[in-house]
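For reference, the structure is listed below as structure tokens.
Residue indices begin at 1 and follow the sequence shown. Small disclaimer: the values here were computed from a predicted structure and weren't measured. First listed ligand is number 1; within each ligand, the first listed atom is number 1.
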Amino acid sequence: MSLLKIEDINKSYGDFWAVNHVSFDLQEGEMLALIGPNGAGKSTTFNMIGGQTQPNNGSILFKNRSLLGLSADKIWALGIGRTFQIAEIFSSLTVLENVQLALQIALRNKIALFNHGDTDLQDEALLLLKQVDMVENAHTAASEIAYGDVKRLELAMALANHPTLLLMDEPTAGMSPTERIAMMALTKKIAQEKNMAVLFTEHSMDVVFKFADRIIVMAAGSIVATGTPEEIRNNALVKEIYLGNNKV
Ligand SMILES: Nc1ncnc2c1ncn2[C@@H]1O[C@H](COP(=O)(O)OP(=O)(O)OP(=O)(O)O)[C@@H](O)[C@H]1O
């Protein structure tokens with residue numbers, strides 16, 4: 001059974017079809033990259049999975065359950081985490097407090113069998129920070145950490161709800177080449193440890209070819225190619241789409 005199964009989803013804005021007959025699936029623990037030029041429909045597809053936008057029609061199944069009509073909060077509670085292009089953190093709080101807050105929100109969405117005290121949450125928050133190599137920054141104000149660290153903090157916060165699928169919208173945007181590779185190596189390591197699937201959009205081809213198990217290429221709202229990094233790298237149509245961008 002696929003973890004996520006998308007069948008023939010469409011999204012229009014007036015007469016314009018932003019997403020057109022898109023179908024794909026995603027397996028447990030898989031790293032799947034969704035790539036394509038600006039305006040290809042990647043974010044719209046993400047938003048339909050995350051519940052920020054509803055498709056006109058089609059079906060989206062997560063663990064065989066339909067996500068259609070569910071709110072973004074409900075979808076998150078089912079185990080689909082998300083990080084955004086512009087990180088959503090509270091800059092007035094410390095790094096540790098941000099993660100504790102994410103844990104509190106995750107707990108509120110569950111039937112708590114135990115009363116978690118602040119100490120439990122602090123320990124759990126420190127464990128999450130350890131996973132993203134940020135324990136040293138725990139008591140630093142989030143406003144004072146470097147950009148790459150903000151993205152790692154956001155990753156720790158997204159893990160608070162123990163997602164089985166993580167949606168990452170351009171996780172390395174604005175990073176240097178070295179930071180990009182480090183960020184995705186960390187994400188892949190965590191994903192493997194937790195058997196968490198990752199669906200990510202990415203403009204940086206070095207990241208895509210190095211870390212994706214499989215790649216889906218979208219253009220003008222439709223899927224134009226699907227395959228392994230090797231297959232996509234050698235796909236004539238994909239080369240043509242990116243021609244001039246020197247990205248493939
Ligand atoms: N709310 C909206 N109203 C009207 N058009 C929209 C809306 N959201 C997206 N679009 C249009 O749908 C198309 C797909 O947009 P989308 O953001 O999904 O592309 P993308 O592949 O994520 O692009 P990028 O890489 O630039 O983020 C674009 O032409 C965009 O202008």
Can you give me every donor-acceptor pair (side chain of residues 57-70, partner residue at least two apart or in another chain, under 3.5 Å) with its distance?
| from | atom 1 | to | atom 2 | distance (Å) |
| --- | --- | --- | --- | --- |
| Asn57 | OD1 | Asn10 | ND2 | 2.7 |
| Lys63 | NZ | Thr164 | OG1 | 3.3 |
| Ser66 | OG | Leu68 | N | 3.2 |

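- Within ligand 1, the atoms closer than 4.0 Å to a non-hydrogen atom of His203 are 25 (O), numbered from 1 in the order shown.
- The backbone N or O of Gln52 lies less than 3.5 Å from no partner atom in the side chain of Asn47, so there is not a single donor-acceptor pair.
- When atom types are taken as modelled, the side chain of Glu231 and the backbone of Thr228 share a donor-acceptor pair closer than 3.5 angstrom.
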Side chains of residues 185-201: which donor-acceptor pairs under 3.5 Å do they make with residues two or more places apart or in other chains?
| from | atom 1 | to | atom 2 | distance (Å) |
| --- | --- | --- | --- | --- |
| Thr187 | OG1 | Met183 | O | 2.8 |
| Lys188 | NZ | Phe211 | O | 3.0 |
| Lys188 | NZ | Asp213 | OD1 | 3.4 |
| Lys194 | NZ | Gln131 | OE1 | 3.3 |
| Asn195 | ND2 | Glu28 | OE1 | 3.3 |
| Thr201 | OG1 | Asp169 | OD1 | 2.7 |
| Thr201 | OG1 | Glu170 | N | 3.0 |

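- The closest non-hydrogen atom to atom 1 (N) of ligand 1, taken over Tyr13, Trp17, Phe46, comes from Tyr13.
- Where the criterion is an N or O separation shorter than 3.5 Å, residue side chain and backbone included, Gly39 meets it with respect to ligand 1.
- The closest approach between a heavy atom of Lys11 and any atom of ligand 1 is not below 4.0 Å.
- For the pair Ser23 (side chain) and Asp8 (backbone), a donor-acceptor distance under 3.5 Å is present.
- Some N or O of Ala40 is nearer than 3.5 Å to an N or O of ligand 1, by distance alone.
- Under a 4.0 angstrom heavy-atom cut-off, Phe16 registers as being in contact with ligand 1.
- At a 4.0 Å cut-off, at least one heavy atom of Gly41 sits close enough to ligand 1 to count as contact.
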